[in-house]
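Start at 1 and go down the list; that is how both ligands and their atoms are numbered. This structure is a prediction, so every number in the text was calculated from the model and none was measured.
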Amino acid sequence: MTRWFTALCLLCVALVVSLSAQTPAPASASSPAAPITVIKAGRLIDPETGTAALNQVIVIEGERFKAIGANLPIPAGAEVIDLSKYTVLPGLVDAHTHMGMTYKEQPENNYYYLTYITDSTPLRAIQAASNGMQLLNSGFTVVRDVGNNALYVDVALRQAIEQGWLPGPTVIPSGPMIGSTGGQFWPTPEMYKQHNIMFPEYIDANSSDEIVRAVRENMLFGARTIKLCIDCKPWGYSVDDIKLAMREAATGGCKVEGHVQTAAGAQRAIDAGIYIIAHGTALTPEHHRQMAEKGIYLAGTDTPFTPYRGTEAAYKRAIDSLRDAWEKKVPLTYSTDFDYWNERMKDPKTGRWLTRGELTIAFLQTWKAAGIPPADTLRAMTINGYKAADIVAERGPIKPGLFADLIAVPGDPLADVDALRTVAFVMKNGMVYKRDGVMTPADFFHPGPVRMPNGRWTR
Ligand SMILES: [Zn+2]
């Protein structure tokens, strides 16, 4: 009996050893044998204080930071990555974008009703996966993706990245935008009544019951934030409607962002104490004053005037508005509202198409034109972004215990924020995605194991 038991145990051990040899856990799987990586950082920026420390050692165990400091001992067997020529800083955040929507001049004349008809949900999911990798390549490790994502493309992308199918930023998905009848569409009666064109691009929710149902459905299907059309129609949401959505969202741990396009809508969102206001165009200096007082985040979507987008007049308004919000001390985030493409989106020097990441970082132009100091721009792109995404307790800052996301750039972004345009190194969850300016995503691609919602990896 004892001999049989011993033999059985040996067989089990052999089986486990051989199985684990065949299916190695990804570097990010946390286990006692999690690999140790050490980064030697020439300069390490703390965006919270706007300061930098020289010659820091960052110890990473598995997918999390373990220790950060000068002259830390390097553990035996650690992989050492030498970034002593670089400035290391936390990953960047686009606090308002749309990875699963690309409207174009041809064939749809920038009319996204047509994009919605020509591009299926699966196609848009693949666009979103590609956009996510392009954003990660430019140092964006967190993205709030807030609506216009067909049938929960944003949620699927979050899950695919989280489960380990492919590399990409941490996605904070909203699911479809919730609005009163019509959302941002002005459909014909035929398209509205006979073809149900609103869903899944928008969820019509008018009464209190419908608002509660819509918020619950989005959370059920995986939303991590809730997006409301406050004033997309003259029959937009009241202060009470917004408060109701916020209460309901809180039951599922979600904060609420309001799309705002009128001064009256902005005031209702502020009066309700909403978490984030998207789009700065309708905001007055008085709105900024109230937002600062209440600590309401601004995702201003501050589009620069470039050869491929914008007008000089709109650009001037965006600069003035961003400048005023900064002067009033509104908690600012970096945001783009990117969801379009045209053939003029080329590097003027080389003629090469710009990537989604390069197009996103190009919004720095507005921040520089508004005279925002680099330290404050950096804070908007990092700390404020993590807080607006409501993830600051688990990832973002380079602190022991948090997920190991970081980037490195040549130069010093605290002196010249344009240094962020050239990201040479990207780490996400302790895995290297870009090294010496070249993407190295191979380690992220594997057919399993899959990370489950409880954070464990399947075996
Ligand atoms: Zn948007």
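Per residue D337, closest N, O or S atom to the Zn ion (ligand 1): atom name OD1.
In summary, an N, O or S atom of H98 is located under 2.8 Å from the Zn ion (ligand 1). In summary, an N, O or S atom of H96 is located under 2.8 Å from the Zn ion (ligand 1).
Tested against Y116 for a ring pair (Phe, Tyr, Trp, His ring centres under 6.0 Å), the candidates Y111, Y103, F185 yield a single pass: F185.
In this model, a donor atom of one side chain and an acceptor atom of the other lie less than 3.5 Å apart for Q267 and Q290.
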Which pairs would a plain distance check flag for residues 153-161, meaning a side-chain donor or acceptor within less than 3.5 Å of a matching protein atom at least two apart in sequence or in another chain?
{"residue": "D154", "atom": "OD2", "partner": "S174", "partner atom": "N", "Å": "3.1"}
{"residue": "D154", "atom": "OD2", "partner": "G175", "partner atom": "N", "Å": "2.8"}
{"residue": "R158", "atom": "NH1", "partner": "V171", "partner atom": "O", "Å": "2.8"}
{"residue": "R158", "atom": "NH2", "partner": "E162", "partner atom": "OE2", "Å": "3.1"}

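In this view, K346 satisfies the side-chain hydrogen bond (donor to acceptor under 3.5 Å, both in side chains) rule with no residue, not counting sequence neighbours.
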